[in-house]
Amino acid sequence: MSRIARFCALCGRRLTERRISGRARPYCAACQQPVYFDPKVAVVVFIEKGDSVLLIRRAVDPGKGLWALPAGFVDHDEAPEAAAVRETLEETGLNVRIEKLLAVYPKRDQGLADIIIAYSAKALSGAAQAGDDAAEVGWFTRDDLPPLVFYPSITLTNLWRAGALEL
């Protein structure tokens with residue numbers, strides 16, 4: 001995703017570029033304000049049931065048609081744990097309880113998030129069914145994982161597969 005600002009959000013004038021805080025940034029000479037881009041924060045949720053992990057098949061790009069852990073963006077006014085619960089319900093139909101913070105990942109692929117917070121969760125209620133931007137949901141064992149997309153999903157499932165993921 002490219003983050004290009006051409007016009008000032010405050011006054012609408014064309015932005016220039018100025019070196020601020022050690023790097024070139026978009027700058028409005030009229031408002032005397034630099035433009036700072038906030039990172040996009042996402043959450044990813046690892047749900048295990050017996051010997052299986054819950055995955056969703058993505059219905060949209062990036063990664064359309066491939067499988068990933070349930071995930072989504074954190075809204076500006078919500079805690080990451082609340083976003084993880086909300087996104088899991090939206091994508092899978094499952095109500096979950098967050099159990100543990102697993103990891104925090106930087107952007108390492110073509111996903112849209114800059115920072116990804118990974119949690120383990122326990123399913124409390126609901127029936128696993130595709131919703132939101134998921135085309136399918138499925139439970140997969142260590143030996144039958146489908147083609148995965150996104151660094152956090154690949155990394156977490158590889159750790160789980162090796163018995164090295166502490167849930």
Side-chain angles (χ1 to χ4, degrees), residues 1-5 20-26 34-124 126 128 130-135 137-142 145-167:
M1 171 183 357
S2 175
R3 295 189 180 156
I4 298 171
I20 300 170
S21 301
R23 64 189 305 181
R25 299 182 189 279
V35 176
Y36 294 96
F37 296 112
D38 295 330
K40 292 294 291 176
V41 179
V43 290
V44 62
V45 182
F46 196 100
I47 305 165
E48 186 181 46
K49 181 175 81 172
D51 293 345
S52 299
V53 62
L54 183 69
L55 299 173
I56 61 116
R57 184 190 297 260
R58 292 195 41 85
V60 297
D61 279 322
K64 183 177 180 178
L66 298 174
W67 293 83
L69 295 167
F73 290 109
V74 178
D75 287 333
H76 78 283
D77 61 349
E78 107 187 296
E81 297 90 344
V85 170
R86 175 184 54 76
E87 285 289 347
T88 302
L89 179 61
E90 289 174 4
E91 290 189 352
T92 71
L94 294 175
N95 291 297
V96 298
R97 177 180 65 235
I98 299 302
E99 297 283 304
K100 183 179 178 182
L101 172 66
L102 296 175
V104 177
Y105 295 102
K107 183 179 184 73
R108 291 207 172 134
D109 57 28
Q110 297 305 311
L112 301 178
D114 300 309
I115 299 168
I116 305 94
I117 304 169
Y119 295 101
S120 65
K122 179 179 180 173
L124 301 175
D132 196 26
D133 55 357
V137 297
W139 294 96
F140 296 88
T141 66
R142 287 170 170 82
L145 290 171
L148 297 168
V149 68
F150 304 131
Y151 178 80
S153 291
I154 294 166
T155 301
L156 290 167
T157 54
N158 282 342
L159 288 169
W160 174 71
R161 206 171 171 198
L165 186 61
E166 294 184 29
L167 301 172

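Just so you know, these numbers use all the heavy atoms, side chains as well, and skip hydrogens, waters and symmetry mates. One-based numbering along the sequence shown.
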side-chain contact (heavy atoms from CB on, under 4.5 Å) between V149 and D109, intermediate numbers included: CA-CA 9 Å; V149 68; D109 57 28; over 6 Å; no

Could you walk me through whether Y105 and L156 pass the side-chain contact (heavy atoms from CB on, under 4.5 Å) test, one step at a time? CA-CA 11 Å; Y105 295 102; L156 290 167; 3.4 Å; yes

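Side-chain N or O atoms of R25 include one that pairs as donor or acceptor with a backbone N or O of I20 at under 3.5 Å. At least one donor-acceptor pair under 3.5 Å links the side chain of K100 to the backbone N or O of E166. Checked by atom type and distance alone, the side chain of R58 never pairs as donor or acceptor with a backbone atom of G65 at under 3.5 Å. At distances below 3.5 Å, at least one donor-acceptor pair connects side-chain atoms of D114 with backbone N or O atoms of K40.
Atom-to-atom distance recorded for K49:NZ and L94:CG is 8.5 Å, nearest 0.5 angstrom. Within the model, atoms CH2 of W139 and CG of D51 stand 12.0 Å from one another, a figure rounded to the nearest 0.5 Å. For the atom pair CG (L66) and CZ (R57), the distance works out to 8.0 Å, reported to the nearest 0.5 Å. With values rounded to the nearest 0.5 angstrom, E87 atom CD is found 7.5 Å from E78 atom CD. Going from atom CZ of R161 over to atom OG1 of T141 covers 9.0 Å, rounded to the nearest 0.5 Å. Summarising the geometry, atom CZ belonging to R142 is positioned 10.5 Å from atom OG1 belonging to T157; distances are rounded to the nearest 0.5 Å.
In this structure, the side chains of T88 and V43 stay at 4.5 Å or more apart for every pair of heavy atoms. With contacts defined as side-chain heavy-atom distances shorter than 4.5 Å, the pair L69/F150 does not qualify. Within the 4.5 Å cutoff, side-chain heavy atoms of D132 are placed close to those of E91. A heavy-atom distance below 4.5 Å is found between the side chains of D75 and R86. At least one side-chain heavy atom of Y119 sits less than 4.5 Å from a side-chain heavy atom of P80.
Just one of L145, L167, L165, I47 meets the side-chain contact (heavy atoms from CB on, under 4.5 Å) condition when paired with V53; it is L145.
Enclosure of atom CG in D61 by more than 12 non-hydrogen atoms of other residues, nucleotides or ligands within 6.0 angstrom is indicated.
The shortest heavy-atom contact between V44 and P152 is CG1-CB, 4.2 Å. The shortest heavy-atom contact between P146 and L55 is CD-CD1, 3.7 Å. Summarising the geometry of P70 relative to T92, their closest heavy-atom pair is CG-CG2, 3.8 Å, with the distance given to 0.1 Å. Nearest heavy-atom pair across A68 and L148 is N-CD2, 4.3 Å. In terms of heavy-atom proximity, A113 sits nearest to A42 at CB-CB, 3.5 Å. Contact record, A128 with V137: C-CG2, 3.6 Å, taken as the closest heavy-atom pair.
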